[in-house]
**Student:** 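Pasting in a structure now, in structure tokens, and then I'll have a few things to ask.
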Amino acid sequence: MSRAFDIVKKDPSRIIIFDTTLRDGEQSPGCSMNLEEKLKMAALLDDLGVDVIEAGFPIASPGDFEAVNEIAKVVKNATVCGLSRAKQADIEAAGNAIKPAKSKRIHTFISTSPLHMKHKLKMGPNSVIEAVHESVTLARNFTDDVEWSAEDASRTEADFLCQCVETAIAAGARVINIPDTVGYAMPDEYGRMIAMLFERVPNIDQAIISTHCHNDLGVAVANSLAGVANGARQVECTINGIGERAGNAALEEIVMALRTRGDLMPYTTGIETTKITKTSRTLSTITGFAVQPNKAIVGANAFAHASGIHQDGMLKNAQTYEIMTPESVGLSESKLVMAKHSGRAAFKSKLAELGYELGEEAFQDAFVRFKALADKKKDIFEDDLIALVEDEVIRENETIRFVSLQVQAGSKGPQIAELCLTVEGEEHCAKVEGNGPVDAIFKAIREIYPHEGARLQLYQVHAVTGGTDAQAEVTVRLAEDGKTVVGTGADADTLVASARAYIHALNKLLTKRAGFNPQTAAEAAAP
Ligand code: KIV
Ligand code: ZN
């Protein structure tokens, strides 16, 4: 059975939210995540209420296989999906990777446009039809929930698209996805394509139609909604709209559009919208991929009112300039939580309330850092604690650890960093001059732990809360041999946060160099 198919058959106004943040999103430049980060995102997506999590492309690499397999083991509610091309090895890898999931789906695809068939696949239409039939039939051996996609559907000839869709459904696909792979379609046109399938494909009632829109012309969300208006009941999307090139349709925009304009679009989703902000922020922190401030729903300015006229209206009645409340997406004033004199017990209970349970050593370190922060910063907010604890959690098993930093900076120069780190428990220090304090710190790290092949790709600072005493959250991206890693660090001192972020990225690079565990993958793949 296909859970999504059954849900929609019972309630035709229910839209299935298929999240592909961990597949189409993760494969885009600068968005890669390690296993731990993917597991964290999968848990958040499950909690957010998405119906399907596309966890990866298992044949792509052993790491992808392992990620899909581990996600399949832990997801509680959502269907876990693995992507495959129309190839036996791909489908088998996807089938094996999703095996532990409570509800599992294989998503298999092949290109159907003349351009892709000729230049990419070098296959004629008959061979493609045959591949559609064979791939769906093979996938059905692993699960009843098979989704088939026509890659580049929006540039595919209508007759051929109908023929492919009919073949996929006849072979047992329960979800038919119609991707606008290159973000070329316009909303009216995309909507008409979906309507056309309902009119012309005889067995269409045996499947759900799905949208999958890319944002090259900025209309991915509009196209997805046009698809829904014309009968699609699954929408493929990503958190913050991350994805190939200009990205995919943004989950938060689709869900809030459906909710806010229920008068025009009488559909429901299973999304708990108050969890949107947390999910969006966690993804940005993990990937270092910042959300543009004016981005709908999750941008820093999405609920900010700057002009005098707007502020005046808001004070009189929020509905004058607000079509949805900040609370409905989980945005609330960060609460004032702790004071300088709060003790260990209060600190522990506040952490538990925020959902953190630290090991003894990490807890003691976090408490020391909390006290140091409270000495420097008058008000400690929930966001401060979250930044501090997240920082502590990621450091628990690091090979290279921060010990201390002294920096000489200012306009007269020279700028010098005196840095001490432990490498596998042994302390090493360096005193290095640089072209500015951050350069000096990063050079000192390189001196203590040389890593010539790695290149700094991104250095970014943002404040956790408002005010000049706010903690700094720093993101660093390193690249080596085509692989990228992102590190984050938080501290009241921006330079300490910078050192922590770089060290975090370097630790991740070491893990990446060490590679993945073939033993785990072999065990998981065993029949
Ligand atoms: O954009 C696309 O066509 C895809 C397919 C693999 C569904 O991501
Ligand atoms: Zn895509």
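Residues: numbered from 1 along the sequence shown. Read the numbers this way: they start at 1 and go in the same order the structure lists the ligands and their atoms.
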**Student:** Using distance alone, with no hydrogens and no angle criterion, decide if N248 and T238 have a side-chain donor and acceptor under 3.5 Å apart.
**Tutor:** no
**Student:** Would you call D159-R200 a salt bridge at under 4.0 Å N-O?
**Tutor:** yes
**Student:** Which one of K104, R174, R105, R140 satisfies the salt bridge (charged side-chain N to carboxylate O under 4.0 Å, His left out) criterion with E147?
**Tutor:**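 The option that passes is R105.
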**Student:** When you check the gap from the basic side-chain N to the acidic O, do K38 and E70 get nearer than 4.0 Å?
**Tutor:**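 Salt bridge absent between K38 and E70.
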**Student:** Does K40 pair with E390 as a salt bridge, N-O distance under 4.0 Å?
**Tutor:**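 Answer for the salt bridge query: yes.
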**Student:** Hey, which protein N/O/S atoms does the Zn ion (ligand 2) have under 2.8 Å?
**Tutor:**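 Listed by chain and number, the nearby protein N, O or S atoms are D24 OD2, H212 NE2, H214 NE2.
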**Student:** With no hydrogens and no angle check, just 3.5 Å: does a side-chain donor-acceptor pair link Q292 and N294?
**Tutor:** yes
**Student:** Minimum heavy-atom separation for N230 and A195, please, with both atom names.
**Tutor:** OD1-CB, 3.7 Å
**Student:** Return yes if some donor-acceptor pair links the side-chain N/O of K122 with the main-chain N/O of H119 below 3.5 Å, else return no.
**Tutor:** yes
**Student:** Kindly say whether the aromatic ring centers of Y502 and H451 come within a distance under 6.0 Å.
**Tutor:**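 Yes, the ring of Y502 comes within the 6.0 Å limit of the ring of H451, centre to centre.
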**Student:** Listing by chain and number, which residues have a heavy atom under 4.0 Å from ligand 1?
**Tutor:**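 R23, D24, H107, F109, S149, E151, N177, P179, T181, H212, H214.
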